[in-house]
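Working notes for the structure below.
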Amino acid sequence: MNYFEYKDDQLYAEDVSIADLARRFGTPFYAYSARTLKRHFRVFDEAFAGTDHLVCFAMKALSNLSILKLFASMGSGFDIVSVGELMRCLRVGADPAKIVFSGVGKTDEEIAAALEAGILMINAESRPELDRINQVAGRMKRRAPVSLRVNPDLDPGTHPHISTGHRDSKFGVPLSQVHEYYAAARGLPNLELVGLSTHIGSQITDTMPFNEVAEKVRAIVSELRANGIALKYLDLGGGLGIPYQEEPPPPAEYAKVLLKPIRDLGLRIITEPGRVIVGNAGVFVTRVVYVKETDVKRFIVVDGAMNDLIRPVLYEAYHEIRLVDRRSVGKRVVADVVGPVCESGDFLAREREMPEPKAGDLLAVMSAGAYGFVMSSNYNSRPRVPELLIDDADVHVIRERENFEDIIRGEKIVELKAR
Ligand SMILES: *Cc1c(COP(=O)(O)O)cnc(C)c1O
């Protein structure tokens with residue numbers, strides 16, 4: 001469900017025509033629908049109604065300040081993975097007591113900043129990290145609220161680059177060592193053991209893995225209780241997929257499956273959804289520069305590229321591509337949609353059957369809200385593109401297009417002898 005729809009064969013973002021946006025701001029760009037963002041957050045949050053819970057939006061999926069501000073105003077907490085993300089939260093006035101800090105490589109500085117801010121908890125992922133948090137907290141004369149991230153050793157059946165809950169992955173503490181780690185952590189004076197966390201991967205389109213992880217977590221929490229370790233929070237991570245091609249379960253069904261084994265534990269349930277909240281709320285709009293035919297293939301060359309949207313090459317991700325003006329549909333063709341970057345990996349779609357566009361036509365790459373702009377770069381000295389937030393008929397530029405000076409900011413020209 002989203003608010004990108006055709007009206008008279010023209011693609012709209014809410015009440016604003018995409019072609020109009022292209023005229024005003026140039027291409028390429030990202031456009032987000034505020035109505036969709038709000039709806040997705042609300043539907044997800046309501047799926048957990050009746051259970052003591054906190055939704056911590058995994059902001060690495062989309063971290064523009066205006067979007068964070070919107071979610072904060074709706075009561076969202078945040079899952080962060082760096083001090084930079086913490087600073088974004090603080091900048092928009094998010095409540096630190098609703099922030100959880102994930103990630104395998106937190107530095108002393110990041111741990112200190114998180115404790116200074118007074119976040120809800122740090123999700124620790126290793127024995128040395130527990131020791132480090134204990135040291136940093138000791139220096140600051142504080143007790144650090146900590147949860148242990150457990151690696152439940154299961155395979156959610158997604159692309160290997162977005163699967164994190166398998167025993168070979170770098171994430172979390174092995175199941176077999178969980179009790180040992182909690183016992184060790186209990187002996188560290190500056191830690192307060194408040195929770196257990198897990199996150200098994202992303203773009204999961206089946207409820208089974210969530211059921212499995214909830215069952216495993218339930219067993220651990222019960223055993224910990226028997227050993228006198230009482231936790232407050234159970235953080236089940238994110239990972240619910242969106243319909244790129246497959247049909248994932250709706251949040252209500254996901255919540256039902258997830259909560260069933262753990263509801264009666266009486267813990268506060270934390271979730272860290274990213275993609276499911278913002279994925280379908282954004283599109284990437286690009287203009288066709290050339291249609292190039294060789295004797296074996298047809299290429300639709302566009303002005304957007306892998307530096308703007310890297311998911312297709314990084315994860316072999318599928319994004320639906322629509323013509324912004326449906327009236328201009330030519331015959332159906334099979335084509336690669338490629339950008340101008342000098343890499344064979346620079347494609348937005350491959351072997352895609354679609355109506356043939358002509359040079360100058362606009363294409364909308366759908367479901368580009370999550371892990372889109374945030375992964376963009378200046379590769380090939382391309383400026384990063386603007387982000388537009390559409391709210392009914394209002395258009396807000398929430399990030400301006402970069403210019404050449406932005407690209408070279410911080411660079412110095414040193415004069416070296418040529419020989
Ligand atoms: C990336 C990540 C998430 C969000 O994953 P989605 O698939 O976008 O929901 C949640 N928790 C952690 C720890 C993550 O690394």
Side-chain angles (χ1 to χ4, degrees), residues 37 40-41 43-45 47-48 53-63 67-68 71 76-82 84-86 89 98-106 110 114 119-126 129 146-152 156-166 169-173 195-207 209-210 213 217 233-244 246 248-251 254-255 258 269-282 311 314-315 317 367-375:
L37 292 166
H40 286 0
F41 181 82
V43 167
F44 192 93
D45 193 37
F48 290 86
H53 76 284
L54 175 65
V55 177
C56 291
F57 172 58
M59 62 182 283
K60 72 176 192 284
L62 177 58
S63 58
I67 309 262
L68 302 182
F71 290 146
S76 183
F78 296 96
D79 172 43
I80 62 168
V81 293
S82 71
E85 290 194 344
L86 173 64
C89 287
K98 292 182 177 174
I99 295 176
V100 299
F101 190 178
S102 303
V104 293
K106 303 174 198 83
E110 288 179 313
I119 71 166
L120 183 67
M121 65 181 180
I122 300 179
N123 293 345
E125 303 219 9
S126 67
E129 187 187 341
V146 164
S147 96
L148 256 190
R149 174 159 170 188
V150 176
N151 183 324
T158 60
H159 190 276
H161 292 178
I162 51 172
S163 156
T164 56
H166 192 261
S169 99
K170 70 176 177 182
F171 297 102
V173 166
L196 183 144
S197 67
T198 184
H199 170 70
I200 54 176
S202 203
Q203 186 50 21
I204 299 167
T205 52
D206 171 17
T207 53
F210 294 114
V213 74
V217 158
Y233 310 119
L234 192 47
D235 178 347
L236 291 146
L240 182 58
I242 62 167
Y244 294 106
E246 319 86 325
Y254 156 82
L258 199 64
I269 304 299
I270 296 173
T271 51
E272 305 168 346
R275 187 190 313 273
V276 70
I277 308 289
V278 297
N280 289 340
R311 298 192 68 256
L314 189 59
Y315 307 126
S367 307
Y371 308 104
F373 180 85
V374 287
M375 285 195 183

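Note that the structure is a prediction, hence the values are computed from the model and not measured. Position 1 is the first residue of the sequence, and the numbers go up from there. Read the numbers this way: they start at 1 and go in the same order the structure lists the ligands and their atoms.
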What do you reckon, does [X] put a non-hydrogen atom under 4.0 Å from ligand 1?
X: Tyr371; result: yes
X: Asp79; result: yes
X: Gly239; result: yes

Exercise. If hydrogens are left out, which of Gln203, Lys60, Glu272 has an atom nearest to atom 1 (C) of ligand 1, that is, the closest non-hydrogen atom?
Worked result: Lys60
Problem set entry | Arg275, Glu125, His199: member with heavy atom nearest to atom 5 (O) of ligand 1 | His199
Exercise. Roughly how far apart are Leu54 CG and Lys98 NZ, rounded to 0.5 Å?
Worked result: 6.5 Å
Exercise. Taking the six-membered ring for Trp, are Phe210 and Tyr254 ring centroids under 6.0 Å apart?
Worked result: yes
Exercise. With distance as the sole test, does Asn151 use its side chain to make a donor-acceptor pair with the main-chain N or O of Phe171 at under 3.5 Å?
Worked result: yes
Enumerate the atoms of ligand 1 whose separation from the nearest heavy atom of [X] is less than 4.0 angstrom.
X: Ala58; answer: 3 (C), 4 (C), 10 (C)
X: Ser102; answer: 13 (C)
X: Arg149; answer: 13 (C)
X: Gly238; answer: 9 (O), 10 (C)

For this session: Please say whether Ala61 places an N or O atom under 3.5 Å from an N or O atom belonging to ligand 1.
Result: no
For this session: Would you sort out whether Ile80 and Met59 count as a side-chain contact (heavy atoms from CB on, under 4.5 Å), showing the intermediate values?
Result: CA-CA 6 Å; Ile80 62 168; Met59 62 182 283; 3.7 Å; yes
Exercise. Could you walk me through whether Asp45 and His53 pass the side-chain hydrogen bond (donor to acceptor under 3.5 Å, both in side chains) check?
Worked result: CA-CA 9 Å; Asp45 193 37; His53 76 284; 2.7 Å; yes
Problem set entry | Ionic contact status for Glu85 with Lys60, cut-off 4.0 Å | no
For this session: Show your reasoning for whether side-chain contact (heavy atoms from CB on, under 4.5 Å) applies to Leu62 and Phe71.
Result: CA-CA 11 Å; Leu62 177 58; Phe71 290 146; over 6 Å; no
